Number of protein chains: 2
Amino acid sequence: MADKSYPGGMTAPTADWLRLDQQICFSLNAASRAFGGVYRIVLKDLGITYPQYLVMLVLWEHGDLPVKKLGEHLRLDSGTLSPLLKRLEAAGLVRRERSTHDERSVEVRLTDAGAALRERALQVPRRIARSTGIDLDEIRDLRTRLDALTEALDAAAVEGAPEE
Amino acid sequence: MADKSYPGGMTAPTADWLRLDQQICFSLNAASRAFGGVYRIVLKDLGITYPQYLVMLVLWEHGDLPVKKLGEHLRLDSGTLSPLLKRLEAAGLVRRERSTHDERSVEVRLTDAGAALRERALQVPRRIARSTGIDLDEIRDLRTRLDALTEALDAAAVEGAPEE
DNA sequence: CGCCATTTAGTTGTGTGCAATTGAATTGTG
DNA sequence: CACAATTCAATTGCACACAACTAAATGGCG
């Protein structure tokens, strides 16, 4: 109640916290979507979307993986990956094959076309870097901070929200 | 061509750029989703989602706004806002009314319930801060960098991707 | 062997997010 | 006033993202 017209001498009013809060979560949200917008333009040549590109990056780096492992690398569950992988399969970039050892598991394998796409993808980072014009060290530092933030947030999410 | 087996003395091979690229865009993506996860927990009490919370923040701060202005604050277009606002209206938090001056425009107005929800939302930033346990100065700095990044990315997106 | 908890993908439903289009309303120009 | 261009919200179609659930398969245990 005293938040709307706070007298001087007090700490920052609670009302201001909503503004600050908006800046933080919104900045992250906006940056993520802005990044998606630039990638969308660059990736149009490759015919894949930004999340699909992330999947391909993991496959190019680690080779064939079961859906479970893929999800761990990307922090995504099967509800997101299943339809996404079907689209990649329809595009001829991956195959999905039941493991013979464990029929619960589905191996995601690169096709020849999927492996070949990597050559064209090599230009993507350069074009993104050129678009942003941001220093590599700056990016590296930002990544470190974001990863720390993500780790803290994930830890907080599993514990559940502490009650006040 | 010389990327696969690069001789010594050259700069970082293009192949490594894909890994670096993955780290950057993925870190941002993961942080954004991790933030969403924590907000989802905290906001469950208020009965709204993370993007809906962002809309309410803008309305609480700036008062009633047309959809267009709301979208400018949030960097969202009507394709995203229209269904979102209908859900907020169904929840009784906002009303949507055609402007009498310009019948193309739709004014989004807080209902009494929507305005009252602000009191409960005042605890959200505190609970988020407690969940993350991250220094406020760190957050402020991160926000500054992210906003700069977003600005650069948006500028790059409108120009279109420069060809190599 | 039979039974049950666990693991793993898949499916369904809800909610963004964005491109492209539609249609109504307004503005500028002659 | 008439008419073309512009503005604005809504709609449509597609693609994540995640919670909740289903179903198949595995592994352990008696």
Side-chain angles (χ1 to χ4, degrees), chain A residues 25-26 29-41 43-44 47-55 65-72 74-91 96-108 153-154 157-158 160, chain B residues 25-26 29-41 43-44 47-55 65-72 74-91 96-108 153-154 157-158 160:
Chain A
C25 62
F26 172 68
N29 192 286
S32 181
R33 285 186 288 114
F35 231 126
V38 174
Y39 270 97
R40 193 173 301 118
I41 296 172
L43 290 175
K44 190 185 289 184
I48 57 177
T49 68
Y50 179 52
Q52 288 168 11
Y53 173 68
L54 295 179
V55 168
L65 288 172
V67 174
K68 174 76 173 178
K69 289 289 181 187
L70 207 49
E72 289 173 0
L74 296 164
R75 296 172 186 266
L76 291 173
D77 67 359
S78 64
T80 298
L81 284 176
S82 285
L84 190 157
L85 290 172
K86 284 186 178 178
R87 282 186 281 271
L88 284 179
E89 188 174 40
R96 294 177 306 133
E97 298 173 355
R98 287 278 167 193
S99 168
T100 52
H101 305 307
D102 187 341
E103 296 241 339
R104 296 170 302 179
S105 180
V106 169
E107 284 280 328
V108 181
L153 290 168
D154 277 353
V158 283
Chain B
C25 62
F26 171 69
N29 192 285
S32 180
R33 284 187 288 115
F35 233 126
V38 174
Y39 270 97
R40 193 174 301 118
I41 296 171
L43 290 175
K44 190 185 289 184
I48 57 177
T49 68
Y50 179 52
Q52 289 168 9
Y53 173 68
L54 294 180
V55 169
L65 288 173
V67 175
K68 174 75 172 179
K69 289 289 181 186
L70 207 49
E72 289 173 0
L74 296 164
R75 296 171 185 268
L76 292 173
D77 68 359
S78 63
T80 299
L81 284 176
S82 285
L84 190 157
L85 291 172
K86 284 186 178 178
R87 281 186 280 272
L88 285 179
E89 187 174 40
R96 294 178 306 133
E97 298 173 355
R98 287 275 166 194
S99 167
T100 53
H101 305 307
D102 186 343
E103 296 244 340
R104 295 170 303 177
S105 181
V106 169
E107 283 281 327
V108 181
L153 290 167
D154 276 353
V158 284

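In this text the structure is predicted, and so the values were computed from the model without any measurement. We name chains A, B, ... by the order of the sequence lines, and we start the count at 1 in each one.
- In the 5' to 3' direction, nucleotides of DNA chain D lying under 4.0 Å from heavy atoms of chain A begin and end at D:dA15 to D:dT26.
- Under the side-chain hydrogen bond (donor to acceptor under 3.5 Å, both in side chains) criterion, A:Arg98 pairs with no residue at all, not counting sequence neighbours.
- Residues in residues 80-91 of chain B take part in these salt bridge (charged side-chain N to carboxylate O under 4.0 Å, His left out) pairs, two or more places apart or across chains: B:Glu89-B:Arg96.
- Considering only residues two or more places apart in sequence or on other chains, A:Ser78 meets the side chain to side chain contact (heavy atoms under 4.5 Å, CB included) condition with A:Ser82.
- With sequence neighbours excluded, the residues forming a salt bridge (Lys or Arg N to Asp or Glu O under 4.0 Å) with A:Asp102 are A:Arg104, listed by chain and number.
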> Tell me, for nucleotides 9-18 of chain C in 5' to 3' order, what letter each nucleotide earns: B for a base near a protein heavy atom under 4.0 Å, S for only sugar-phosphate near one, - for neither?
Replying inline: SBB---SBBB

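- For B:Tyr50, the side-chain hydrogen bond (donor to acceptor under 3.5 Å, both in side chains) test picks out no residue, with sequence neighbours left out.
- Looking at residues two or more places apart in sequence or on another chain, you find no ring pair (Phe, Tyr, Trp, His ring centres under 6.0 Å) involving A:Phe26.
- Listed by chain and residue number, nothing satisfies the salt bridge (Lys or Arg N to Asp or Glu O under 4.0 Å) test with A:Arg40 (two or more places apart in sequence, or in another chain).
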